[in-house]
Structures are given as structure tokens and as C-alpha cells.
Amino acid sequence: MMKVAPSILSSDFGNLARDVEEICQSGCDLVHVDVMDGHFVPNLTIGPVVVSAVAKAATKPLDIHLMVENNTFFVDLFAPLKPEYISFHIEEEKHPHRLIQKIRSYGIKPAIVLNPNTIPEELEYILGDLDMVLLMSVNPGFGGQSFIDTVLPKAKKLDAMRKRLNPECLIEVDGGVSDKNIQALKDAGVDVVVAGSYVFKHENRAEAIKSLQI
Ligand code: DX5
Ligand code: ZN
């Protein structure tokens, strides 16, 4: 079944703990946390102080998505919060293999993120070391953007690659996910979806999550 990771970027930050508790009780699989530094992306979000409050409220594992320039610094900062995954953008990392080893040394599962224009072939010699690949289906930086559907053939290509190189590696898609594109994502071989505005703007969040767990 498709796993669902609601992105708390679309939650009510004035009631963050309440919203995190609610999505966890509503059956989500992971809690997706978007960390933006105002440099790699034109937006600034939350640091370890706020994410530790999220970790305290969450009864599901955290999926931390770094959108930052200095990945190593941020990995060290967030590792003590014991997330399940930390993902970093390959476009911003000179030594992906070294960083993967560092993340793993903390007992955290490493994932690499690809922007919409980055080709999956970039991962040929590193896929074997990953627990997950995150494909962006919007330009990183903001919630509520429209789904870029070239992610579908890309996920299919990556699905073939991981079958050959690392069948255990999951494929996650992030951005503009809703009940409108979930079947196409499933058909393309995707295992995990991030959904921000679709879940948090829905009148029944449990129903929204369920509609994606196909
Ligand atoms: C965008 C973030 C996403 C975003 C998704 O940079 O990585 O996780 O919050 O939000 P929606 O589902 O609204 O596109
Ligand atoms: Zn994200």
C-alpha cells in the first residue's frame, strides 16, 4: 500500500503540536518536515528547536527533507532528534557518498532528493547505498504548487533502476500530490507520497490520508 507523509509546512504553526498529533492519529505513515535555509530555496522554515517539538508530538516517525546549502551542518543538527529518514538534495552536495555514510552512522536512513530537472541516472553509482529516493514534483520551496507530471516517466525509469540495483530502496514523490494523481503515481512504481495542502486543507484529514493509501 502507498505510504503517506503529510508535510507539516501546510499545518497551522500556531497549533503545531495539535496538528501533528491529529495527522498521526489519522493514520499517516510518516511526518514530513521541510527544512529550508533561505539560500538553497527562497524560503525559510524551521530549525531543531521547533522540530524537537514536532518529534515530541509525533507518534509516527519523522521524514526530514533538507533544502539547505550546508547539508553536513544540518545533518549534525537534526540527527539527535532520531528521525527515520534524512533526505538531502544531490544538486547541493559535493560528496553525497560521504554524507550518506554520516547519516547512516547516526542510525538514520539516508535518502537523496532530485529536483524536477535532475535525471535519475545521476544515481547509478549511489542507489545501492540509499534507503529512499525523493523525487520533487514541484520546485522546492513552497507548499500548494501544481504537480509537474514529468515526474511520472522519471519515477518509472527510477523504478527499473532500483529493481536492478537496490530493490529495497523506496521511491517517494513530493509536491502537488492529491487524489487526482495518486493512481498515476502508484502505477509509476512510487511507494511513498508527501502531501501538504491536500491533507491539511481537507475538511476530513483522516479521509484525505486514506484516499492516498491505495
Ligand atoms: C516543497 C516541500 C513540500 C511541500 C508539499 O518544497 O518539499 O514537502 O510542503 O506541499 P504540497 O503537497 O502542498 O505541494
Ligand atoms: Zn518536502
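Positions are given from 1, in the same order as the sequence printed here. Just follow the structure's listing: the first ligand is 1, and inside any ligand the first atom is 1. Here the structure is a predicted model, which is why all the values come from computation and not from measurement.
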A.B. asks: Classify the angle between the aromatic ring planes of His65 and His32 as parallel (below 30°), tilted (30 to 60°) or perpendicular (above 60°).
C.D. replies: tilted
A.B. asks: How far is atom 10 (O) of ligand 1 from its nearest protein heavy atom, and which residue and atom name does that atom have?
C.D. replies: Gly143 CA, 3.6 Å
A.B. asks: At less than 4.0 angstrom from any non-hydrogen atom of Met36, what atoms of ligand 1 do you find?
C.D. replies: 6 (O)
A.B. asks: Taking 4.0 angstrom as the limit and counting only heavy atoms of Gly141, give me the atoms of ligand 1 inside it, by number and element.
C.D. replies: 1 (C), 6 (O)
A.B. asks: So, is Val138 polar-close to ligand 1, with some N/O to N/O distance under 3.5 Å?
C.D. replies: no
A.B. asks: Quick check on contacts: which atoms of ligand 1 are under 4.0 angstrom from a heavy atom of Met136?
C.D. replies: 7 (O)
A.B. asks: Measuring from the heavy atoms of Tyr198, does anything fall under 4.0 Å of ligand 1?
C.D. replies: no
A.B. asks: For atom 14 (O) of ligand 1, find the nearest protein heavy atom and state the residue, atom name and distance (0.1 Å precision).
C.D. replies: Gly176 N, 2.8 Å
A.B. asks: More than 12 non-hydrogen atoms from neighbouring residues, nucleotides or ligands closer than 6.0 Å to NZ on Lys82, yes or no?
C.D. replies: yes
A.B. asks: For Val192 and Leu30, run side-chain contact (heavy atoms from CB on, under 4.5 Å): C-alpha distance rounded to whole Å, both residues' side-chain angles, the deciding distance at 0.1 Å, then the answer.
C.D. replies: CA-CA 9 Å; Val192 187; Leu30 294 163; 4.2 Å; yes
A.B. asks: Would you say Gln145's side chain and Asn139's backbone share a donor-acceptor pair under 3.5 angstrom?
C.D. replies: yes
A.B. asks: For atom 1 (C) of ligand 1, what's the nearest protein heavy-atom neighbour? Residue, atom name and distance, please.
C.D. replies: Phe142 O, 3.5 Å
A.B. asks: Please find the N/O/S atom of Asp174 nearest to the Zn ion (ligand 2) and write down its name.
C.D. replies: OD2
A.B. asks: With Leu152 as reference, evaluate Leu185, Asn181, Leu135 under the side-chain contact (heavy atoms from CB on, under 4.5 Å) test and give the passing residue.
C.D. replies: Leu185
A.B. asks: Picking from Leu134, Val75, Ile100, what satisfies side-chain contact (heavy atoms from CB on, under 4.5 Å) with Phe88?
C.D. replies: Ile100
A.B. asks: Between Leu9 and Val50, is there shared hydrophobic-cluster membership here, with clusters defined by ILVMFWY side-chain heavy atoms closer than 4.5 Å?
C.D. replies: no
A.B. asks: What N/O/S atom of His65 gets nearest to the Zn ion (ligand 2)?
C.D. replies: ND1
A.B. asks: Hey, which atoms in ligand 1 end up nearer than 4.0 Å to a heavy atom of Leu9?
C.D. replies: 9 (O)
A.B. asks: Which atoms of ligand 1 are found less than 4.0 Å from any heavy atom of Asp174?
C.D. replies: 2 (C), 3 (C), 4 (C), 5 (C), 7 (O), 8 (O)
A.B. asks: Going by the order shown, which atoms of ligand 1 are within less than 4.0 Å of some heavy atom of Gly175?
C.D. replies: 14 (O)
A.B. asks: With the Zn ion (ligand 2) as the point of reference, which N/O/S atom of Asp34 is the closest?
C.D. replies: OD1
A.B. asks: Take Val138 and Phe147, measure what side-chain contact (heavy atoms from CB on, under 4.5 Å) needs, and give me the verdict at the end.
C.D. replies: CA-CA 6 Å; Val138 296; Phe147 184 76; 5.8 Å; no
A.B. asks: Considering only heavy atoms, does Ser7 approach ligand 1 within less than 4.0 Å through its side chain, its backbone, both, or neither?
C.D. replies: side chain
A.B. asks: Mind checking whether Tyr198 and His202 have parallel, tilted or perpendicular rings, split at 30° and 60°?
C.D. replies: perpendicular
A.B. asks: Would you check if the side chain of Asp29 reaches a backbone N or O of Val4 as a donor-acceptor pair within less than 3.5 Å?
C.D. replies: yes
A.B. asks: Can you tell me the protein heavy atom closest to atom 12 (O) of ligand 1 and the distance?
C.D. replies: Gly196 N, 2.7 Å
A.B. asks: Show the atoms of ligand 1 that are less than 4.0 angstrom away from any heavy atom in His32.
C.D. replies: 8 (O)
A.B. asks: Give me the nearest non-hydrogen protein atom to atom 13 (O) of ligand 1 as residue plus atom name, then the distance to 0.1 Å.
C.D. replies: Ser197 OG, 2.6 Å
A.B. asks: Sort out for me which residue in Asp129, Ile90, Thr118, Leu127 forms a side-chain contact (heavy atoms from CB on, under 4.5 Å) with Ile112.
C.D. replies: Ile90
A.B. asks: Check Pro140 against Val41 and note the closest heavy-atom contact, atom names and distance.
C.D. replies: O-CG1, 3.5 Å
A.B. asks: Short list, please: which atoms of ligand 1 are under 4.0 Å from a heavy atom of Ala195?
C.D. replies: 12 (O)
